2 protein chains.
Amino acid sequence: MAAFTSKDVARIAGVSQSTVSYVMTGKRPISERTRQRVLDAMEQLTYEPHSGARALAGRRTRVVGLVVRFGAGGDAFGLLPFIETIANSARAHDHEVLLVTADEGSAGLRRLAGRALCDAIIMMDIEEHDDRVPVAAALSVPVVLIGVPADPAGLHCVDLDFEAAARMAVDELADTGHDEIVVVGYPASVMERGLNYVGRFLRSARRQAQVRGLPLTVIEPVEHGQEAAAADQLLTRRTGGRLGVVVPHSDAIVPLLNALRKQDVVPGRDISFIGLSPDREAGQSDPPYTNISVEPRDVSRRAMETLFWLLDPSSGVERPPIDLVAPRLTRRTTVMPTPSN
Amino acid sequence: MAAFTSKDVARIAGVSQSTVSYVMTGKRPISERTRQRVLDAMEQLTYEPHSGARALAGRRTRVVGLVVRFGAGGDAFGLLPFIETIANSARAHDHEVLLVTADEGSAGLRRLAGRALCDAIIMMDIEEHDDRVPVAAALSVPVVLIGVPADPAGLHCVDLDFEAAARMAVDELADTGHDEIVVVGYPASVMERGLNYVGRFLRSARRQAQVRGLPLTVIEPVEHGQEAAAADQLLTRRTGGRLGVVVPHSDAIVPLLNALRKQDVVPGRDISFIGLSPDREAGQSDPPYTNISVEPRDVSRRAMETLFWLLDPSSGVERPPIDLVAPRLTRRTTVMPTPSN
DNA sequence: ACGCATCGTCGATGCGTATCGACGCACAGC
DNA sequence: GCTGTGCGTCGATACGCATCGACGATGCGT
């Protein structure tokens with residue numbers, strides 16, 4: 001494991017170092033015969049190019065910076081699937097992933113760009129008013145946001161279409177003849193962080209309820225462990241009409257269902273229930289609930305496509321600056337069917 | 001943001017480039033006056049050293065490679081806390097974290113070392129017989145394992161002391177006058193992966209039960225969604241004696257508790273229950289269960305200490321090649337107290 | 001006053017790769 | 001046969017920093 005250089009490869013293949021380089025980059029034509037000799041030599045030495053030297057000479061690192069926020073809060077509907085998808089996508093483009101925790105704030109961003117640690121950055125957990133966004137916009141490397149801040153400052157954003165999700169939930173309940181909608185709000189810890197999607201969801205739900213002529217109330221907050229109280233609060237709403245409950249905070253769904261069960265309230269019979277969560281959780285829950293999908297993989301895949309397009313605009317079709325992934329409604333057991341008169 | 005170089009800093013400070021370098025590394029004495037001038041110049045330009053150039057010239061990258069396995073399976077008691085702790089620790093040493101998914105197998109390892117992408121590697125989710133371990137051992141960079149394989153091949157390992165945990169669980173039940181112990185085994189998906197701790201836990205539990213003269217049975221497998229069946233199987237054991245249940249697979253704990261509740265079996269009254277899980281989960285569960293802690297943060301912190309010690313052995317005390325973190329038992333409500341005769 | 005060690009700084013060099021200009025060659029057209 | 005045109009290859013250079021040897025300045029002892 002003595003670490004070979006392209007010069008070693010060149011010597012063995014009987015060519016010059018620059019030829020080896022051209023074989024790797026393909027930026028100049030190389031005869032098939034020479035090419036093969038070089039590839040053989042590489043194989044023989046198990047040669048790997050030195051990434052530092054590459055970054056220095058080529059001005060690109062083949063590294064993607066990933067800025068995530070670990071501190072709990074926000075829907076923890078899996079940071080992992082996001083990271084996994086991003087890692088796989090990076091790998092597919094022969095890029096590495098450098099992890100930066102958001103606790104560092106914008107200092108991490110400056111480091112990534114200033115030290116030439118990566119060619120592009122993908123930043124998650126964007127808040128509605130996020131200090132890091134203007135900093136990111138001023139960097140010399142392209143940045144893609146997962147989440148949509150109030151002012152994207154020209155950066156590309158990818159996110160689930162929370163407004164469409166809210167409309168979808170309201171429409172589903174309206175279409176099935178409900179009289180009233182209650183949205184279980186986000187816990188204070190999430191609200192405080194001003195995560196962008198919180199506001200977008202609630203506003204859109206209110207608007208759509210108005211359009212459909214349904215009264216809509218937001219109950220809040222539902223803190224962890226307080227789900228029983230929320231369930232109570234929720235049930236006092238039940239005036240004998242058809243009540244539909246929408247729970248956008250995925251962490252609150254299962255506890256709420258449990259709290260309802262304890263009170264012998266059966267979703268799908270006594271009230272209706274729609275959650276915003278990954279499909280898998282919704283299907284495996286007891287009972288399986290009607291949900292609007294939040295698929296991290298879709299979102300991060302799109303974000304990576306945008307990122308690589310920014311790195312090489314010639315490589316694909318133009319990407320929209322704000323790319324919202326359409327949610328999907330899956331009907332299960334928890335929405336009461338339209339009464340058949 | 002034109003990206004300044006140390007030469008720019010040197011020019012502004014009125015010194016040579018090498019002096020700037022020595023100010024940064026501290027490898028040669030620099031007068032306080034000069035030092036300050038250089039630091040001022042750096043500040044003024046918001047200079048950041050080019051990491052590629054640094055890696056090339058200095059032969060170290062200040063990057064830690066982190067190899068994780070995303071594919072579900074194994075106790076998913078939070079990959080995130082591990083990653084977070086590792087990221088923070090790296091940051092504290094002015095190192096970055098490069099993420100490699102284990103799906104790539106040992107190819108990822110070779111890439112990390114071959115391309116000089118990092119100075120050291122930390123590898124998680126080690127299996128009892130893990131192909132990657134011999135590869136890792138042959139690399140030119142130090143590697144720390146989180147988990148203990150059958151043959152560590154000379155690598156340093158850090159892990160929870162699962163054997164002590166098993167002994168602890170058995171002792172707790174024995175000390176409180178139980179007649180029989182049932183260990184709820186791991187699901188087949190985990191067993192198949194041959195994760196090292198599974199075997200270590202089960203073997204140690206059996207041994208200790210023998211020492212304490214208690215019959216111990218292992219029920220398996222408990223697949224996701226099959227917890228009710230497991231609960232049935234478990235309760236058939238109840239011959240009127242004092243039955244203690246140990247659940248090492250943290251993901252199975254809450255579903256099992258739920259299944260028991262449905263059958264009106266109250267842990268702490270009718271049977272005893274000990275789970276292996278993070279303290280937080282145990283305390284917030286309903287009911288809070290007696291648990292043996294599995295604290296990812298402790299483990300990964302120790303792993304990082306070992307890693308940085310390997311990078312600079314003069315920096316601290318020698319580290320043991322196999323470093324097991326002692327578990328901790330927290331008594332809550334689910335173990336029946338010793339009958340007072 | 002003179003040699004000697006120490007401190008602080010500088011210039012030069014090398015790290016491994018990408019890239020630019022040059023050059024030799026075969027082959028086309030005339 | 002001679003010039004032009006790509007094609008394939010080479011040599012040289014630059015990238016930004018760490019490090020080594022050198023060297024002037026200073027303070028010490030005698």
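Residue numbers begin at 1 in each chain, while the letters A, B, ... track the order of the sequences. No experiment lies behind these values; they were computed from the predicted model shown.
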Rounded to whole angstroms, how far apart are CZ on A/Arg11 and P on C/dT17?
-> 13 Å

Could you give the CZ-to-P distance, from B/Phe4 to D/dC17, as a whole number of Å?
-> 12 Å

Rounded to whole angstroms, how far apart are CD on A/Gln17 and C1' on C/dC20?
-> 13 Å

So does A/Arg37 reach the base of D/dG8 with its side chain, donor to acceptor, closer than 3.5 Å?
-> no

Please state whether the phosphate of C/dT19, meaning OP1 or OP2, lies under 4.0 angstrom from any side-chain nitrogen or oxygen of A/Lys27.
-> yes

Non-hydrogen atoms of B/His129 and B/Ala150 that approach each other most closely = CE1-CB, 3.6 Å

Between C/dT19, D/dG21, D/dA18, which nucleotide has the shortest distance from any of its atoms to the side chain of B/Arg54?
-> D/dA18

Relative to the 5' end of DNA chain C, which residue comes earlier, A/Val20 or B/Gly58, by the nucleotide with the nearest heavy atom?
-> B/Gly58

Given D/dG11, C/dT17, D/dG16, which nucleotide is nearest the side-chain atoms of A/Ser18?
-> D/dG11

Nucleotide of C/dG11, D/dA18, D/dC10 approaching B/Ser16 most closely (side-chain heavy atoms) = C/dG11

Interatomic distance where CG belongs to B/Asp8 and C1' belongs to D/dG16 [whole Å] = 10 Å

Which of the following nucleotides, D/dG16, C/dT19, C/dC10, is nearest to the side chain of A/Ser21?
-> C/dT19

Does B/Ile30 or B/Arg59 map to a spot on DNA chain C nearer the 5' end, using the closest nucleotide for each?
-> B/Ile30

From D/dC20, D/dC7, C/dG16, pick the nucleotide closest to the side chain of A/Pro29?
-> D/dC7

Which nucleotide sits closest to the side chain of B/Thr19: C/dC10, C/dT17, D/dC10?
-> C/dC10

Among C/dG14, D/dA14, C/dC20, the one nearest B/Ala57 by side-chain distance = C/dG14

Heavy-atom nearest pair, B/Ile12 first then B/Ala41, reads CG2-CB, 3.8 Å

Could B/Glu32 and B/Arg35 be called an ion pair, given the rule that one side-chain N must be under 4.0 Å from one carboxylate O?
-> yes

Counting Watson-Crick and G-U wobble pairs only, both distances under 3.5 Å, name the nucleotide matched with C/dT19, or none.
-> D/dA12

Paired with D/dG29 by Watson-Crick or G-U wobble geometry, both distances under 3.5 Å: which nucleotide is it?
-> C/dC2

side-chain N/O B/Ser6 vs D/dG16 OP1/OP2, d < 4.0 Å = no

For A/Tyr22 and D/dC7, is the shortest distance between a side-chain N/O and OP1 or OP2 below 4.0 Å?
-> no

Among C/dG16, C/dC10, D/dG8, the nucleotide that comes nearest once only the side chain of A/His50 is considered | C/dG16

To the nearest angstrom, the CG-P distance between B/Leu56 and D/dC17 comes to 12 Å

Over all heavy atoms of both residues, which pair between A/Ala303 and A/Ile122 is shortest? Give the atoms and the distance, please.
-> CB-CD1, 3.5 Å

Which heavy atom of A/Leu145 sits nearest a heavy atom of A/Val133, and at what distance?
-> CD1-CG2, 4.1 Å

Between C1' of D/dC20 and CZ of B/Arg28, the distance in whole Å = 6 Å

Nearest-angstrom distance from the residue atom CE of A/Met24 to P of C/dT17 | 7 Å

Over 60° means perpendicular and under 30° means parallel, so classify the ring planes of A/His95 and A/Phe308, tilted if in between.
-> perpendicular

Calculate the interatomic distance between B/Arg115 atom CZ and C/dC15 atom C1'; express it in whole Å.
-> 18 Å

